[in-house]
Amino acid sequence: MSAVNLGPAVPDLTPAGTRLPTLWLVRHGETEWSRQGNYTGLTDIPLTAEGEAQAVAAREKLAGFEFDRVFSSPLIRALRTAELLGHPSPEVLPHAHEWDYGENEGRRNTVVREENPGYIIWNDGVPGGETLSEVAARADRIISTVQAGCGTPMDQDPDQAPIERALLVAHGHFLRILAARWLGLAPDAGRHLVLGTAAVCVLGWDKHTPAILKWNM
């Protein structure tokens with residue numbers, strides 16, 4: 001992994017003198033619904049055999065890196081992915097679940113657009129589900145946890161000892177929104193961050209400016 005450049009030679013430091021934290025993100029592997037293009041929010045469905053193979057392959061991208069904290073969504077597709085990544089006992093965060101898609105849950109996205117031409121979830125939201133701002137608030141909680149003690153704008157616990165590297169295993173839309181919020185952008189900026197199943201990403205810093213170090217690996 002020595003060829004993977006994950007930050008500047010001179011590190012950006014917290015008030016405690018440690019490196020500012022990086023947050024690694026892994027989307028869960030393929031499920032039957034993700035393969036079909038169905039909205040999959042709170043429905044707790046397992047990985048397919050292909051999804052398990054994807055998670056095993058993603059483990060190689062984490063090889064050689066140690067994590068101070070490992071977090072997971074409570075949903076089985078994320079927990080199983082974390083296990084296959086080599087982290088069978090992650091800290092389960094109830095607020096790390098996928099967007100609650102409301103009435104669109106389980107429906108194929110192509111069918112939703114056929115019924116409502118021009119529908120874009122980032123603009124139109126979901127009937128009977130969470131608002132984009134509600135999802136973003138959940139993401140902000142995780143960012144604040146990772147950045148605690150760092151003296152950043154998202155640091156809500158400045159007396160906490162800072163961590164240097166965390167891993168979060170969660171879901172496509174949720175992680176895209178979280179990445180936008182890490183950058184200090186509006187949550188709908190996540191529309192620009194395509195994220196495949198079992199893809200690995202790294203969020204970090206450039207001279208104390210929040211940045212994407214790696215995306216959709």
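Residue numbers count from 1 along this sequence. Please read these numbers as outputs of a predicted model, since none were measured by experiment.
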Group every Ile, Leu, Val, Met, Phe, Trp and Tyr by side-chain heavy-atom contacts under 4.5 Å, then state whether [X] and [Y] land in the same group.
| X | Y | value |
| --- | --- | --- |
| V92 | V70 | no |
| L75 | W33 | no |
| W215 | V194 | no |
| L42 | Y39 | no |
| L79 | L168 | no |

Can you tell me how far apart [atom1] ([X]) and [atom2] ([Y]) are? Round to the nearest 0.5 Å.
| X | Y | atom1 | atom2 | value |
| --- | --- | --- | --- | --- |
| N109 | N104 | CG | CG | 9.5 Å |
| L47 | R35 | CG | CZ | 13.5 Å |
| C201 | L195 | SG | CG | 5.0 Å |
| D188 | N123 | CG | CG | 7.5 Å |
| H28 | R80 | NE2 | CZ | 14.5 Å |

| remark: Those residues at least two apart in sequence (or on a different chain) that pass side-chain contact (heavy atoms from CB on, under 4.5 Å) with A55 are T81, L84
| request: Apply side chain to side chain donor-acceptor pair (under 3.5 Å) to the pair E91 and S72, showing each step before the final yes or no. | output: CA-CA 6 Å; E91 298 180 51; S72 176; over 6 Å; no
| field | Steps toward side chain to side chain donor-acceptor pair (under 3.5 Å) verdict (T18, E164) | value | CA-CA 7 Å; T18 60; E164 294 195 24; 4.7 Å; no
Are the side chain of [X] and the backbone of [Y] linked by a donor-acceptor contact shorter than 3.5 Å?
| X | Y | answer |
| --- | --- | --- |
| E134 | T131 | yes |
| D124 | I120 | yes |
| D12 | K207 | yes |
| K61 | M217 | yes |
| S144 | M154 | yes |
| R141 | R138 | no |
| R176 | R191 | yes |
| Y119 | G125 | yes |
| T40 | N38 | yes |
| D155 | C150 | yes |

Within-4.5 Å side-chain heavy-atom neighbours: [X] and [Y]:
| X | Y | answer |
| --- | --- | --- |
| Q160 | T145 | no |
| L20 | T152 | yes |
| P46 | T31 | no |

| query | Any Lys/Arg nitrogen of E83 or R59 sitting under 4.0 Å from an Asp/Glu carboxylate oxygen of the other? | reply |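 Looking at R59 together with E83, the answer is no, because their closest N to O distance does not fall below 4.0 Å.
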| request: Take K214 and W24 through the side chain to side chain contact (heavy atoms under 4.5 Å, CB included) test and state the conclusion after the steps. | output: CA-CA 9 Å; K214 297 289 179 181; W24 292 58; over 6 Å; no
| field | Ring centre gap for H97 and H171 strictly below 6.0 Å | value | no
| Are W99 and F174 close enough that their ring centers fall under 6.0 Å? | no
| message | Pair R27, E98 - check salt bridge (Lys or Arg N to Asp or Glu O under 4.0 Å), show working. | response | CA-CA 11 Å; R27 183 185 173 192; E98 180 60 296; over 6 Å; no
Restricting to non-hydrogen atoms, name the atom on [X] and the atom on [Y] that form the minimum distance, rounded to 0.1 Å.
| X | Y | result |
| --- | --- | --- |
| I142 | A96 | CD1-CB, 3.8 Å |
| P162 | T14 | CG-OG1, 3.7 Å |
| L178 | L25 | CD2-CD2, 4.1 Å |
| I212 | L193 | CD1-CD2, 3.9 Å |
| T22 | G204 | CG2-CA, 4.3 Å |
| L13 | G17 | CD2-O, 3.7 Å |

| When you check the side-chain N and O atoms of E30 and T197, is any donor under 3.5 Å from an acceptor? |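 No - no donor-acceptor pair under 3.5 Å links their side chains.
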| query | salt bridge (Lys or Arg N to Asp or Glu O under 4.0 Å) between E66 and R165: does it pass, once the steps are laid out? | reply | CA-CA 8 Å; E66 298 292 332; R165 187 182 294 120; over 6 Å; no
| message | Evaluate F67 against I163 for side chain to side chain contact (heavy atoms under 4.5 Å, CB included), listing each step before the verdict. | response | CA-CA 9 Å; F67 297 95; I163 63 175; over 6 Å; no
| Given E105 and T43, is the side chain to side chain contact (heavy atoms under 4.5 Å, CB included) satisfied, shown in steps? | CA-CA 8 Å; E105 180 74 8; T43 304; 2.4 Å; yes
| request: Tell me, please, which residues at least two apart from W122 pass ring-ring contact (aromatic ring centres under 6.0 Å, His included). | output: H173
| request: Applying side chain to side chain contact (heavy atoms under 4.5 Å, CB included), run through L213 and L203 and close with a yes or a no. | output: CA-CA 6 Å; L213 304 182; L203 305 178; over 6 Å; no
| field | Candidate list D140, I177, V135, test side chain to side chain contact (heavy atoms under 4.5 Å, CB included), partner P187, passing option | value | I177
